2 protein chains.
Amino acid sequence: MDNLNITRDKRTANWLDCLRSSGYRLTEPRQAVIDILANSQRALNATEIFDLARENYPSLGLVSVYRTLEKLEELELIQKVHHPDGCQSFIAGFTGHQHLLICQVCGQAEFFEGDDLTPLIEHVSRESGFTIEEHWLQFFGLCAKCK
Amino acid sequence: MDNLNITRDKRTANWLDCLRSSGYRLTEPRQAVIDILANSQRALNATEIFDLARENYPSLGLVSVYRTLEKLEELELIQKVHHPDGCQSFIAGFTGHQHLLICQVCGQAEFFEGDDLTPLIEHVSRESGFTIEEHWLQFFGLCAKCK
DNA sequence: CTCGTAATGAAAACGGTTATCATTATCAAT
DNA sequence: ATTGATAATGATAACCGTTTTCATTACGAG
Ligand SMILES: [Mn+2]
Ligand SMILES: [Mn+2]
Ligand SMILES: [Zn+2]
Ligand SMILES: [Zn+2]
């Protein structure tokens, strides 16, 4: 629990550092957005972030949420999540190549790695004549709580 | 070439049959949309279909494109394609479990199968406590023509 | 503290999609 | 073929999430 809070604060601090060292100012609206997004277990869209952040910082404007999301995505601190009912939500991203596992009920998301698609990619590549440069892989299911 | 046209006509005819046997009427606007989509090598959005279909059927309304897409998706004749710059395009779907390979330059799409994600799914499942029920897999690259 | 300017929130504009509605066209029943 | 019920259409307006505009605020280097 304590441990979790330390983790949270570290991520928030890291994001703020990252903004500062990229020449951006550390403003209250940005911190309000980051506080929400850096600690969310699931992907959130602009309106959800807006509503949650305003609980602690009621003067926040929706436009600042959009502008902050733009910056965080540009700095690769968050990434867009595609979902059957909406492709405009964001989640804190790790570094490197990872994929998402999403709960269809509560939306809780986890990253996983360990996919070795190399043989499949080579096979499809040969078969199709394509040079394959990127892949999207995403799992959907029920988290431990929801099943 | 001839062979290709026969394939095209068959798919179009099949879609029309499918509409009819589902109780829908066979109208000219619907046929205009189907003519485009049933023969496209790449995913198209509503506006693209509208522009292409109006070349042969100029009185077509954009709203009819949206309504036809709705029906075709419901009948599982087409499927939505998610893409880094837009998630509102559609492509003719095959039956069964297949994945897309998309050219990043011209958009040409091919389906592939043969992915065996079972070991990975089991591993991630054990690790996370999730029950995994669905997966999305999509490859991006350069087609033979574009590389 | 001062000052240049990045960042903000309110409001308006924008653009893709959906809803409304009077008119038309399909097709089953004559 | 003709009819008639109504599904489907296209024009128009409404909708809603996102972006742009702009006067004001507040960050932070000096
Ligand atoms: Mn991977
Ligand atoms: Mn698969
Ligand atoms: Zn859940
Ligand atoms: Zn190509």
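Throughout, protein chains are lettered first and strands after them, A, B, ... in sequence-line order, and every chain is numbered starting at 1. Computed from a predicted model, the values in this text were never measured in an experiment.
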Closest nucleotide among [options] to the [X] side chain:
X       : options                : result
B:Ser59 : C:dT17, D:dG10, C:dG9  : D:dG10
A:Thr27 : C:dT26, C:dT17, D:dC27 : D:dC27
A:Gln88 : D:dT12, D:dT18, C:dA10 : D:dT18
A:Pro29 : C:dG9, C:dG16, C:dG4   : C:dG9
B:Arg25 : C:dT26, D:dT9, C:dA7   : C:dT26

Within this structure, what is the [atom1]-to-[atom2] distance between [X] and [N], rounded to whole angstrom?
X       : N      : atom1 : atom2 : result
B:Tyr57 : C:dT24 : OH    : P     : 13 Å
A:Tyr24 : D:dG28 : OH    : P     : 14 Å
A:Leu26 : C:dT8  : CG    : P     : 11 Å
A:Leu60 : C:dG9  : CG    : C1'   : 9 Å
A:Leu19 : D:dC27 : CG    : P     : 14 Å
B:Leu72 : D:dA8  : CG    : P     : 13 Å
B:Leu62 : D:dC15 : CG    : C1'   : 15 Å
A:Glu70 : D:dT19 : CD    : P     : 7 Å

Please tell me which of A:Thr47 and A:Arg67 maps to the more 5' nucleotide of DNA chain D, matching each residue to the nucleotide holding its nearest heavy atom. A:Thr47
Under the side chain to side chain contact (heavy atoms under 4.5 Å, CB included) rule, what do A:Leu37 and A:Leu69 come out as? Steps first, then yes or no, please. CA-CA 9 Å; A:Leu37 209 37; A:Leu69 287 174; 3.5 Å; yes
Separation between CZ (B:Phe50) and CG (B:Leu44), nearest 0.5 Å, reads 14.5 Å
For a 4.5 angstrom cut-off between non-hydrogen side-chain atoms, does A:Phe111 reach A:Ile91?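 Yes, their side chains come closer than 4.5 Å.
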In this structure, which one of B:Phe140, B:Trp136, B:Phe139 forms a ring-ring contact (aromatic ring centres under 6.0 Å, His included) with A:Trp136? B:Phe140
Cluster overlap A:Tyr66 with A:Val81, hydrophobic side-chain contacts below 4.5 Å: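 A:Tyr66 does not cluster with A:Val81.
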